[in-house]
Structures are given as C-alpha cells and as structure tokens.
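Worksheet: the structure to be examined is printed underneath.
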Amino acid sequence: MEASYPVKQIIDDQGNFIDTSYTDLIDAKLARHLYFHMCRIRAFDRKAISLQRQGRIGTYPPFEGQEASQVGSALALGSDDWIFPTYRDHGATLTYGADMTRMFLYWNGRVEGCVPPDGKNIFPPAVPIATQIPHAVGASWAEKRKKTTNIAIAYFGDGATSEGDFHEGLNFASVFKTPTVFFNQNNGYAISVPIEKQMNSKTIAQKAVAYSIPGVRIDGNDCFAVYFETKKAIDAARSGKGPTLIESVTWRAGAHTTADDPSKYRPGEQGKDIVDPLLRLERFMKNNGYWDKEANSKMEAELNEEIEAAVTAMEQFSEARAEDMFDHVFAELPAQLVEQKESYLELLKE
Amino acid sequence: MEASYPVKQIIDDQGNFIDTSYTDLIDAKLARHLYFHMCRIRAFDRKAISLQRQGRIGTYPPFEGQEASQVGSALALGSDDWIFPTYRDHGATLTYGADMTRMFLYWNGRVEGCVPPDGKNIFPPAVPIATQIPHAVGASWAEKRKKTTNIAIAYFGDGATSEGDFHEGLNFASVFKTPTVFFNQNNGYAISVPIEKQMNSKTIAQKAVAYSIPGVRIDGNDCFAVYFETKKAIDAARSGKGPTLIESVTWRAGAHTTADDPSKYRPGEQGKDIVDPLLRLERFMKNNGYWDKEANSKMEAELNEEIEAAVTAMEQFSEARAEDMFDHVFAELPAQLVEQKESYLELLKE
Amino acid sequence: MTMKLKETPHKKNETALLTMVQAINDGMKTMLESDETTIILGEDIGRNGGVFRATEGLQAQFGEDRVVDTPLSESGIIGTSVGLAINGFKPIAEMQFMGFIYPAYDQIMTHVSRIRMKTMGRFSVPMVIRAPYGAGIRAPEVHSDSAEALFTHMPGIKVVCPSNPYDAKGLLIAAIEDPDPVLFLEPMRNYRSSRQEIPVEKYTIKIGNGMKLRQGEDVTIIAWGAMIPVAEKAADQAEEKGISCDVIDLRTLYPMDRDIIAESVKKTGRAVVIHEAHATSGLGNDIVSVINDTSFLYLKAPIERVTGFDVPVPFFALEEHYLPTPKRVLAGIEKTVKF
Amino acid sequence: MTMKLKETPHKKNETALLTMVQAINDGMKTMLESDETTIILGEDIGRNGGVFRATEGLQAQFGEDRVVDTPLSESGIIGTSVGLAINGFKPIAEMQFMGFIYPAYDQIMTHVSRIRMKTMGRFSVPMVIRAPYGAGIRAPEVHSDSAEALFTHMPGIKVVCPSNPYDAKGLLIAAIEDPDPVLFLEPMRNYRSSRQEIPVEKYTIKIGNGMKLRQGEDVTIIAWGAMIPVAEKAADQAEEKGISCDVIDLRTLYPMDRDIIAESVKKTGRAVVIHEAHATSGLGNDIVSVINDTSFLYLKAPIERVTGFDVPVPFFALEEHYLPTPKRVLAGIEKTVKF
Ligand SMILES: Cc1ncc(C[n+]2csc(CCOP(=O)(O)OP(=O)(O)O)c2C)c(N)n1
Ligand SMILES: Cc1ncc(C[n+]2csc(CCOP(=O)(O)OP(=O)(O)O)c2C)c(N)n1
Ligand SMILES: [Mg+2]
Ligand SMILES: [Mg+2]
C-alpha cells in the first residue's frame, strides 16, 4: 500500500527542484510569500512559548516544524472558504487572516480569542479530537447547496484518524460529494503515541480507499508540494469533484504542549535528520537567486514589531468580564440564568 | 477498486462448481450439514414471522435470504470461539448452539432470551448498531492474552460500516493484531437506505485497506464460499495472523422487521434475479447425487417438531417476574434499589 | 442565502383533525414551505418517511436536497448539521429513537450546545434534534430510553417535550424558529393515541411555558409527555376519593417554568412529580429543588416523586412494571395527603 | 485464566507520604501486582506515564501487555474493555480528561452499565473507568467538565469521587475489586495539593459510604472531590461567625450514602450542598430529594445549593468565576441560618 502512495515532493532537502514541471510555476514572488508567512508564524510560535515560560499565557501547543504544511495549505485557500483548525493549527489560521492579538488571547484563556475577524470563516480550534471533521463537511455541504464554489478545509492530526468522527465525516463527504479538503498533518506523534501504535497502516492517505475518494501523500515540509497539491484538491472541490484526503507528512519538532516532556517517550535522535522547512525554502531561494539579505532582516524587524504590538495589545486587553460567562449561552437569557447572573454580580460587589 | 475485490464463488446459481479446486473438499456430509442448518433456521424464521402476525411474539427481524451467510460462517467456528451477533443474526447463533426456546423468548421481550447455554460464548444481540464490533475485538484480544487459539467473530451489516465503532474497532484489531473475524453481511439495505446512499465505495471489503488488514468479498448466497472463506479467516486469526474483514454479499429477501414495509422504498423487481441460497444448494446436491428425498421430508418433519416444541416451551415459560428488573442491575443490590423493589412488590400485592 | 418565502395560504381558523405524529409532520411541512433554509436529516426519513412516518411525504414534496436520507451515523448527522447550521441552514435532525442519540452525545455536548458561547455569538447553531422517546410500545432493548436529564444538564440547548398534537406542532415550529439548538422529545406512546383539531396555518407556542391542565386544591401533579395521560387518570381516581388536583404539563423541560410550579404548590402545599426516567438524577429532583427554593414555607408534606426505577429500562415483557402507572401515582397522591 | 498471586510483602503499618495522584498510582500498582487479570488501557499512559503521571512507571514494571497505550479512540477503549472484561480481565481504562469521555458515552450507557442486566448475570463487566475532572487548573476548553450526573443517571454503574490520597487509594482498590463497573472521578485540583501518610499495603474503603469530616450543630455541608477544600474553608469562616457545621464528604456519588445525610440534617435542620457541576440536573438536586424524603419535618430552612452556574465551563480566564468559592458557600450558610 505504501508504494501506491508515494510522498510527492517538488523540491528536495537541499532546495533543488525534484519535479521540474514546476520550474515555471514557482517564482520569487511565490517563494517570498511563503517564506514571509512561515517566518511570521514561527516568530509567533516562539514568542508564545517564551510568554508561557514567563507565565504570561497558559499552556501552549507549539507547531514548529509544521510551518510548511500550515502556510502552504492556508495560502491555497480563497477568501470565502471555510477553515476548521485544531489547537495546533493557528499557524494556518494566522496565515489565513486570524487576528494575532486574539490568538494570544485564546492561549491566555480568553474566549475572545475564538472570535474571527468579520467575514472570515475561521471556526474555533477543535479541542475534542476529530470533532471538527464533520463540521467542515457540513459547512462545505451548505456552500454546495447555495451553489457557490466555496470549499471547507479541515485540519487534523495523525491521532485524529483513530476517532469515529474522522470516519463518519469522510463517509458523509464521500456520499454527498461535498467540497471538502481533509488536510491531515502526520507529524509522527499523538502526544506520546507514535503513528505505528496509532494505526497498522503505513500511510494515512490509503484510508481514502475506504470512501473511494482521492488520497494523496505529500512531503509536508516542502512548502511548494503542500501549496500546489492542496490547490489541486481545492480546485477539484470547487469544480464539483468532491472531497480529497491529503496526508501531509511532517514533524512535530517540539513538545506536544509546553506542559509535555518529549524526552520521556521520544528517542533523542529521532527527527534529527529532518531538514527544517524554513531552511529548506531558504536554500531553494538561494539556489534560485531569490534570497535578499536586506529585505529579510527588514522583514524580521517588522515581524518582531507586529508580534510585540500584539503581545502588548493582548496584555492591555480589557479585563475578562464575569458577565460574558452568562451572556453568550443563549441568544436570550432564560430567567434562571438572569437570576444566577444577577445574584453572582451582586455578591462580587460585596 | 471493485475489480480488486472480486466476489469469490465456489458454486454458481445452478449449483455447478465454478471453483473446481473444491471438488474434493465438498462431500455429501458437508452439503447435507449445511443444508440441514439452512432449512432449520429458515423454518424458525418463518415460524417467528407467523407468530408475530398472530401477536404471539413482538416485532421480529427476518433473515430470509441470508441463510447461507449465517450458517456457512457459524459452522466454520470452533466450540470455544466467541460470537457477537446483531438482532438479525440469530440464524448464526442458533446454528452455533443458542437455545431455540430462548430465541423465541428474546423476540417476545424476555431478557431470559439473552442468556446463552453454559459454556457457549454467545453475546446478546447488539441493538445499537456497530457497538458489538469493539466487543469482539476485546474478547478476542483476551484470548490472545490467555495464549489460546480461540477467536471472536463479529456480525454486522452494511449500514453498520457508517458508524464510528466500526472504524474504531477495526483500527484496534489491526493495531493489536487481535484474532477477530469481521463478518459483514451486505444485504443491500439498512432499513430503507440502499448501500449506494450508505457509502460511496462500491465494496465494503476495500475498507480493510484503511487498516492494512486482509479484506475479502464473497458470494454470501454460496454457502460453500462462505464456509471456506470464513474458515480461512478463522485459521489466520488462530495462527496469529490477525483480523480479516469479510464482505458477504447477500440479500435481505423480506422486510427489515415485521413492522417495516419494503414496498415503500424497494423497487418490486429488485432482487427477483437472486437465486434463493437453499434452492442453490438443493440444485448442487441434486447435480452431485447428494439429494435424498425421503431423508429430506423426514428432516422437515423433525424440524417442525423441534420448532413447535420450542414455541410451546416459550409459551409455557414461567411468567416474567418484576423482581428480575431489579435483581441483575448489580451483583449486590444497593439500599435504594432494595427499597424501590420492596415498595413496588408491596404495591403489586395490593 | 436567499430566503424565498412561499407560504401556502391557508384559510384563517381552518383546522384539521390530527394525531401527534401527523401534527409533527405538519409542523415540519409548514417550515419547509416557509423557510428555504430548513433541511431535514436522518436515517430512513426520505422515501420511507421515517420509522414512525413523521416525515411521510416530505421528500416527495421537497426533494432529496431538503429531506436527506443520511448514512447510519448519528455523530455524522449532528456533526454535519453543526456545519450546515453555522453556514445558513436550519437543520432538523431526526434521531430514530432517543436511545440512539448517545453516539452523537459528544457532538451535542461539546459543540451544538457551546458554539454560541465559545464564539461570543459570532457563530450559532439554530438546529432542532427530534427524538422519539419512552417505553410502552413493546420495542426492543435500548429503544425505550427517556434521557431528558442528560440534556437539561447541558447548558446551551433547550429541551422541549409536548404531550398532545396541538402543542407538538406549535412547539416544533417555535423550536425550528428558535435561534438556539432545541432537543425536541416526542413521546412515542402519544404519537397516535389521540387526535385533536389543530390549526392548519402556522402557529407557535412559546418555549419555556408550562400549561395548567386542570385546577384543584389539594395536590399539584407535575408531568410531561407520555406521563400526562397517566397523571390525568390518577387525578381522576383521586377526584373520586375527594382529592382535587392541579395538573401541570411542563411542556418545556429547559428552561423550566418555575412560576407555574411555585404558584400551584403555594396553593396546594403538596406536590407529586411524575416522570418515566430513572429517579436518581432525574428531572424530578430539579422540580423538588424548585419547590424547595420557591415554596418551602407552603409545603404541608414531603414532595412525592413517582418515576421509572433506578434500573435500565427492562425488555418489554417487564416494561409496564418499570413505568409509572396511575396506581403508583395515586399512591403518591394519597401519601402526600395523608402525611 | 490463571491468577498467579505475587503480592509484594509490605511491613505491616508501613506508610508513605503521598499526593493523591501518587496514591492512585500506588493503588493501580498494588492491583497490577496482586491480580494478573488487571490491565490498564488509555492514551499516553505507557512510556509517558499519563498526562498527569498517574501511571508513571507502571508500563516499565508490568510491560506493554498490561499497561497498554491505545489509539486515540475513547469508544474503542471502552468497547474493547467490555470485551476484555466479559472474558476474564479487569480493565482499568483511563479517559485523559472527563471532557473526553463523551465519545464513549454510548458504549458506557448501552453496554458497560447494562450487560449484567441483559444477561441476568451470565456476563458482567468488572471494569474501572478513571477520569480526571473539574476546573481550576487553567486548562483549555472542555478539559474542565464535571459531569458526574450524566453517570449517576445511568443504572448499572457506580460513581466514586475521592477528595484525598488515603481515600483515593482505598476506593480505587475497592473499585478494581468491585464485580461491577465503576466510574472513578479524580479531582485534578487535588492531585498534588496535599500529601498524606497512607498505608503502603493494600487496603480498601467501602464504596457507598460517606465520611463526616467535622462535627457541628447548625448547618450540614455536603460536598465531594475538589469541593471539599472549599467546604472546609467556608466552614472555618462560618465557625468564626459562630456557626458550627457538619461537613460531609460523600466520596461515593452512586449509590449515595443517604443515611449520613439524613442523620446529620435531622440534627442541624439546615443543609448546604456544594458541587462544581451545573445547578440544573446536577447531583445537588438528588441530595435535596434525599433530605425531602428523609428529613422533611426537621428542616428549619430551605436547602441551599452552591454550584457551578448553568453555563458551559468557561475558558480559564473566567473559570474562578464559575467555580463555587468559600465566599459563595458562606453566603449560602448564612442564608440558611438567617432564614
Ligand atoms: C476526544 C479527545 N480525546 C483526547 C484528547 C487529549 N488530546 C489532546 S491532543 C491529543 C493528541 C492528538 O494527536 P494528533 O491528532 O496527532 O494531533 P497533534 O497533537 O499531533 O497535532 C490528545 C490525545 C482530546 N483533546 N480529545
Ligand atoms: C446507533 C443506532 N442507530 C440507529 C438504529 C436503528 N436501526 C436498527 S437496524 C438499522 C439498520 C441497520 O442496517 P444494517 O447495518 O445494514 O443491518 P441489517 O438491518 O441490514 O441487517 C437501524 C438504522 C440502531 N439500532 N442503532
Ligand atoms: Mg500528531
Ligand atoms: Mg443491511
């Protein structure tokens, strides 16, 4: 089976073309666009980790190592599409247009962090594993019913494939031919459980066979492979060809979350051979003369500013209000909730 | 995909050998053994339908048309194996050794109908669809842990493949290499929903690919194909080779249950071309000179006696006791249950 | 999306004699006609019209796009309905029996009921989950559960349970028009037990209001759904013994109409609560609390609860022993009066 | 299967100073040593020792066959545990957080709790489901649920919830040895909040018995698990105001120790019930009913419930507002006393 799902690559670890059919399609603009976003989300990610260490935000799940997968796929989306992320996919949602200040707020336990910018169809990160998969199917089904060409993309991990909702969601998508892209990031682990213990199949892509939908396996650290293969799946969805399952083979470079210690379960040498996706793109850009040192340091400075500004905004954000715990449970508060709210606010005043 | 899962057959509709490699393996004894059990469960099935019509038992789900699948698979089992049926697989459990009187009791709303004969590992029929699949995995896992060669077989329908428990169960079985046989009876419908609306895949066998386990597709109306292919899967399980998914392609000749009216959703002509599995075996026996008219009418008379005796036993069975509603919830009744029980029994006396 | 309104005009005050299941069918039909965003999903609800015929004829009239036979997949039905609901549709999802809602429990608990909260209203899930519930129709195991308390303990979803055709149509339409998710429980035993003249036109009954079925002085009886006929019979028998009862049909289980309970108990000083779900952690305990909180000083006797026992709903040969009966309710009534 | 008993001999009365999570680990270790049929299943419980380290070191000592890292599949974990349990094993299944037990709800509701009933005892499911529950540790959404009432409303399963290391080990061993399924709720906030000298040897605490933590005259406070420290603080503050409290740690939520409640309320005539689950259909209502049924004539004031609000457990920036605090409990105490 593995043989029938080869890992698709466009560039190799040294940043050289493997698939030369793309030489005309990839120019400086695209390379720099991808590179910018990968640098941006990495800077966010590292900042978040340090904020957590300083106790300025809560437990945080880093995505370092998965930047090519998240940026490549997010940039392939159109502005009216839907995105259903997990807790580790804010690299993708930030790239797609989520607000950075609110992203920090989310990781600081603020519900405000789930509210997307107006007009952006970004769903809150799914915490119960795999539950977002049927949501993406339903939202894209709605687009199909409205006769638009919009699609939905669901992000999920290797561990998520073990849950019933993965199966039920893909079955629905295949039966109703919904315009859905199932974007799996196979980062090798579900917390401490390696993929060999998660499933007996050598690939995740082959699980598409169960639904007779296309399954593709791509090098998730090759931002071009991710970008172009995701685009193909999106175009197929837009043109009524139905869903695709993409297995983006990548690597969780860090811990599951800042509360996790991978040294307990992950052999130290594991992953050492994996070339960082940013370095790989940098090599490609240098090989092709797209590398502009000045522009880069300028970019880094600007990103730094953007992030610092977002941190400040997060920390100066208005205090969390007890009222908000009550006010959004229903469109209209039932009498008993009004009572609970008022008596509690009374007590707070005392 | 369909092409890679051809329907395995040993005899054709006319009862002639297709796969001649079995000519030596199939003798009069085996043919008559299968025929006897298929006649027996059909007689039971038809009796149950008429009892329901007379209001002597409750709603009943007939399995007519699936006798080859249920008898062929059940006879392939060993005496210490485990069987996890649905509400439609009592043809299989009766063949495996379930008590006929208790079977009638079950369909008359008596919990006594779930209690198997001592030493028979027959689990109660699963009513929530697909929930028995992980049970079979767990029970066979236990046998593996005990280092026996016993296996478990899970029966389930085409509709059951849409539930999360189907997926989670097969994934566990594949990861822990449990000695489990997943015996799917694809009878074309889940109540009113045809398989084309249940799934996008043309076969159920191909769903095995998701777990990298063997999947086979067999003619579920060819009792020999069912018997020998199930045996192969069982032997593989016994010898530590892990689970197999079998798709037994058959046909629900009757209604979903006696409360169902298939004419509402099933085109009248559909299935007309399907040769009844008993007739098919009869033809085979005649072609091969295994047919013994006298023996048959004797057999029918005996079956009739057995069934009438079971009906009588069911109807003379001791009255249902209100106590039993309380006494089996826990090994030891908690105080509040004792109180509820006693005060209710008091009230009944009044 | 565009909402073509194509109300079929009905003569004012026109009525039809319908069973509860017909009234539910009529309620869905009414909304499918008046709101293009409504979509029905479920198992066997299309051609087959549902195992109880609640959706009879709807697919033929509105097409396979709006009355959708789904795969056998409750979590898939609710999960995709969430996606449809946040994106402009009003799904009406049928769970074939309440006992088969459990595979979808995670979706309902962690998403359906929480999406408005977790997005501060940016996304909401206006959907209705219909579920036939209860014992007494000689159905197989697990088909007879009465699990309302598993959902009243779930902030973010409303729970409604009509007992008659008129309420069924009015509450169902109100549920479909509600901006928030509503679990709509249908007492199977009442589906065809009686007919009622009900308006052919569209009407709603406010979610959250109970209904006084009869006025009495001595005891307050509180029930809903399939237990209403039981309550009525018991009240009749009590009358014969000179005990007059207030009988309240709660109709909405969350949010509960505490005023109608308090007002009545303050008058009678005695209460008997009936439900067919298990006693422990059943909704009857909430009603005891409502009375404790509102009417403590008026109570003349302990509140009686007449409920299903703390045992799984038994196989049908014993189900009549499980269910509250007029006899058991009457015993409860007399106990409070004689206290 | 064969049950080699290889108890590691401990000196009598030997004790160790342990946190609750260490005591739970010790309880599992004790049973893995003494009963070969025990097997632990869960996500990340092997090498990683569980996200709270509850199974730390157990896989290293007992091997991958007995301490099994499973796929990410709660229904699979519980469903296969059922199969293991009916076939000679005693599974101890860990749900990583109680908020992730919902995908397994169907298996627990329709099988784990009903198999003994539906086979009249021919098959039974002696298994333990461990689940860390509750808010207050700044965890992400859904990680902080307190859903005990969803299981006390499920006949056929027992529900246990210790509040300290000593009870945790004794109740866990009792749960593992129980012939029926037990849901074992572990208050995350108490995991490491205190240490206690507890016996190194095997001991059990009877399931079904509450515990009186302090004697008082004026009010009965009833709580469990993570709410015990809150109850104690509130009781201290009440003492300062001259109000003396009986404080009861229920320890077992089903079957509930009604006697310890009745005995106390008959003395004090007043009660305050505390839990962090939502008020509506929360277990507090059951306790109100227990008092109504047993101690009606002794009540001097309405029973106060101090609970989580009827809102989803909020994101952690607001969780302290959601949880009952000593201040809220004290207000409840004073309300009953001043009534
Ligand atoms: C239903 C459910 N069970 C358990 C968890 C706890 N949990 C959080 S993340 C995680 C691992 C997920 O692994 P994977 O799907 O590979 O995604 P990754 O974390 O690697 O991005 C687990 C078990 C959860 N969030 N939801
Ligand atoms: C979880 C669940 N949902 C719905 C049902 C109602 N139901 C009973 S049988 C059935 C169809 C099952 O079809 P299939 O799996 O093909 O088995 P068959 O009846 O054809 O033997 C349905 C939907 C159920 N029993 N359990
Ligand atoms: Mg992963
Ligand atoms: Mg079928």
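Just so we're on the same page: letters track the sequence lines, and every chain starts at 1.
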Part of [X] within contact of chain C (heavy atom distance under 4.5 Å):
X	result
D/Glu74	neither
D/Tyr254	side chain
D/Leu297	side chain
D/Asn292	both
D/Tyr102	both

**Prompt:** Could you give the distance from CG (C/Leu299) to OG1 (C/Thr268), rounded to the nearest 0.5 Å?
**Reply:**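 Result: 8.5 Å between the selected atoms.
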**Asked** Atom CZ of D/Phe184 and atom CZ of D/Arg130: how far apart are they, to the nearest 0.5 Å?
**Response**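 Answer rounded to 0.5 Å: 8.0 Å.
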Does [Y] offer a backbone N or O that forms a donor-acceptor pair with the side chain of [X] under 3.5 Å?
X	Y	result
D/Glu43	D/Gln96	no
D/Glu319	D/Arg138	yes
C/His143	C/Pro140	yes
C/Ser264	C/Ile260	no
C/Ser113	C/Gly156	no
D/Arg258	D/Asp293	no
C/Tyr133	C/Ala226	yes
C/Arg114	C/Met109	yes
C/Ser144	C/Ala135	no

**Item:** Neighbourhood of chain C inside residues 146-154 of chain D, taking heavy atoms under 4.5 Å as contact
**Value:**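 Residues in range: D/Ser146, D/Ala149, D/Leu150, D/Thr152, D/His153.
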**Item:** Members of residues 300-310 of chain D whose heavy atoms come closer than 4.5 Å to chain C
**Value:**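 From residues 300-310 of chain D, the residues near chain C are D/Lys300, D/Ala301, D/Pro302, D/Ile303, D/Arg305, D/Asp310.
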Minimum heavy-atom distance between [X] and [Y], given as atom pair plus value:
X	Y	value
C/Met127	C/Ser81	CE-CB, 3.5 Å
D/Val311	D/Tyr322	O-CE1, 3.6 Å
C/Ala175	C/Val182	CB-CG1, 3.7 Å
C/Leu323	C/Met227	CD2-CE, 4.3 Å
C/Ser75	C/Pro103	CB-O, 3.6 Å
D/Ile129	D/Ile108	CD1-CD1, 3.8 Å

**Request:** Residue by residue, scan residues 271-289 of chain C and write down, ordered by number, those that have a heavy-atom distance under 4.5 Å to chain D; if none do, write 'none'.
**Result:**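 Against chain D, the residues of residues 271-289 of chain C that fall inside the cut-off (heavy atoms, under 4.5 Å) are C/Ala277, C/His278, C/Ala279, C/Thr280, C/Ser281, C/Gly282, C/Leu283, C/Asn285, C/Asp286, C/Val288, C/Ser289.
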**Close approach to chain D in residues 328-339 of chain C, criterion heavy atom under 4.5 Å** =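 Under the 4.5 Å heavy-atom cut-off, C/Phe339 qualify.
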**Request:** Please step through side chain to side chain contact (heavy atoms under 4.5 Å, CB included) for the pair C/Gln107 and C/Ile77, ending with a clear verdict.
**Result:** CA-CA 10 Å; C/Gln107 281 288 346; C/Ile77 292 169; over 6 Å; no
**Working for side chain to side chain contact (heavy atoms under 4.5 Å, CB included), residues C/Ile86 and C/Val125** = CA-CA 6 Å; C/Ile86 60 168; C/Val125 185; 4.2 Å; yes
**Request:** Output the option from D/Phe296, D/Tyr105, D/Phe100 having the highest count of non-hydrogen pairs under 4.5 Å with chain C.
**Result:**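 Among D/Phe296, D/Tyr105, D/Phe100, the one with the most close pairs to chain C is D/Phe296.
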